[in-house]
Amino acid sequence: MSFELIQLPYAPDALEPVLSAETIGLHHGKHLQTYVNNLNRLLPDSGFEDLELEDIVETSTGAIFNNAGQILNHNLYFLQLKSPAENNLPVGKLAEAIDAQFGSFEAFKEQFTGNAAALFGSGWCWLACDTDGKLSIIKESNAGNPVTKKLKPLLTIDVWEHAYYVDYRNRRPEYIAAFWKIIDWNVIEERFLH
Ligand code: MN
């Protein structure tokens, strides 16, 4: 099989001013497209060519893992975003689970922000859950994804510099602080429930 670049369910400028149309254009149209092209070039006769994307990420190593992981990670990232809103809060069963496990949304937000800010180099910070619905915050370097730990990815922030450098230069904490406004919590709850 070959993979295709996902279509964004919003206009390139829909996330402004948190993320500019220029950032989305480069990040989705150039960076993610390159990972898709690379994987499609690497897959033929690799032994992974008939697998679903998640299965490739769970079982591969090296260049195939790096490119497949980056496709899975970016698909999860881009499809969980929406236009900015103030007081943008988790909903439903996920909100209850966050309160139960972390004490409050504010406590969760502080812990997640700290992990995303402290991640050295390129990578991703995740909210994930196990098969019992137990939540955890996971730091992954480079193309890492919680599926390799048998955990379900729910929410993620891309902290590779390409995700924020156009808009925030080296100020990763400002990007993380603004990111909370554009999370589509309905999508995150949907992932949590299914
Ligand atoms: Mn990225």
Side-chain angles (χ1 to χ4, degrees), residues 2-43 53-54 56-58 60-84 112-128 137-149 151-185 187-188 191:
S2 75
F3 291 95
E4 288 185 7
L5 182 68
I6 53 157
Q7 298 295 307
L8 298 179
Y10 42 77
D13 63 356
L15 309 180
E16 292 186 346
V18 173
L19 294 173
S20 66
E22 184 182 4
T23 286
I24 295 302
L26 287 166
H27 197 183
H28 171 260
K30 302 293 184 190
H31 288 277
L32 179 52
Q33 180 72 65
T34 299
Y35 297 125
V36 171
N37 295 347
N38 287 345
L39 185 64
N40 287 335
R41 186 170 40 77
L42 292 163
L43 276 182
L53 187 58
E54 254 193 54
I56 298 175
V57 174
E58 284 180 27
S60 65
T61 57
I64 290 182
F65 171 80
N66 286 336
N67 287 284
Q70 285 293 74
I71 297 169
L72 180 61
N73 297 354
H74 284 93
N75 290 355
L76 289 163
Y77 175 80
F78 284 120
L79 296 177
Q80 66 179 12
L81 303 179
K82 63 168 185 64
S83 292
F112 187 94
T113 296
N115 276 273
L119 201 155
F120 186 77
S122 296
W124 302 77
C125 185
W126 299 87
L127 174 66
I137 295 170
I138 311 261
K139 277 191 289 189
E140 293 278 358
S141 294
N142 300 319
N145 185 299
V147 296
T148 62
K149 301 178 167 73
L151 297 172
K152 180 162 66 171
L154 303 175
L155 166 71
T156 190
I157 184 166
D158 184 350
V159 295
W160 285 57
E161 284 185 343
H162 69 224
Y164 60 87
Y165 212 84
V166 168
D167 297 322
Y168 298 91
R169 299 302 174 188
N170 61 323
R171 303 185 302 276
R172 187 194 287 184
E174 288 182 28
Y175 158 62
I176 299 168
F179 179 75
W180 296 97
K181 295 177 190 166
I182 57 170
I183 298 167
D184 187 339
W185 286 105
V187 172
I188 311 301
R191 292 173 183 171

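One-based numbering, in listed order, for ligands and for the atoms of each.
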Going by chain and residue number, what protein N/O/S atoms come nearer than 2.8 Å to the Mn ion (ligand 1)?
H27 NE2, H74 NE2, D158 OD2, H162 NE2
Who are the side chain to side chain donor-acceptor pair (under 3.5 Å) partners of R41, not counting sequence neighbours?
N38
Compute the ring centroids of H27 and H74, then answer whether they are less than 6.0 Å apart.
yes
Taking 4.0 angstrom as the limit, do E174 and R169 come out as a salt bridge?
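Between R169 and E174 there is no salt bridge, as every charged N stays at least 4.0 Å from the carboxylate O atoms.
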I want to check something: taking the side chain as every heavy atom from C-beta on, are Y10 and S83 in contact at a cut-off of under 4.5 Å?
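SC-SC contact between Y10 and S83 ruled out.
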Is the side chain of K181 donor-acceptor paired with the backbone N or O of V18 at a distance under 3.5 Å, no angle test?
no
Residues Y164 and V159: closest non-hydrogen pair is CE2-O, 3.6 Å
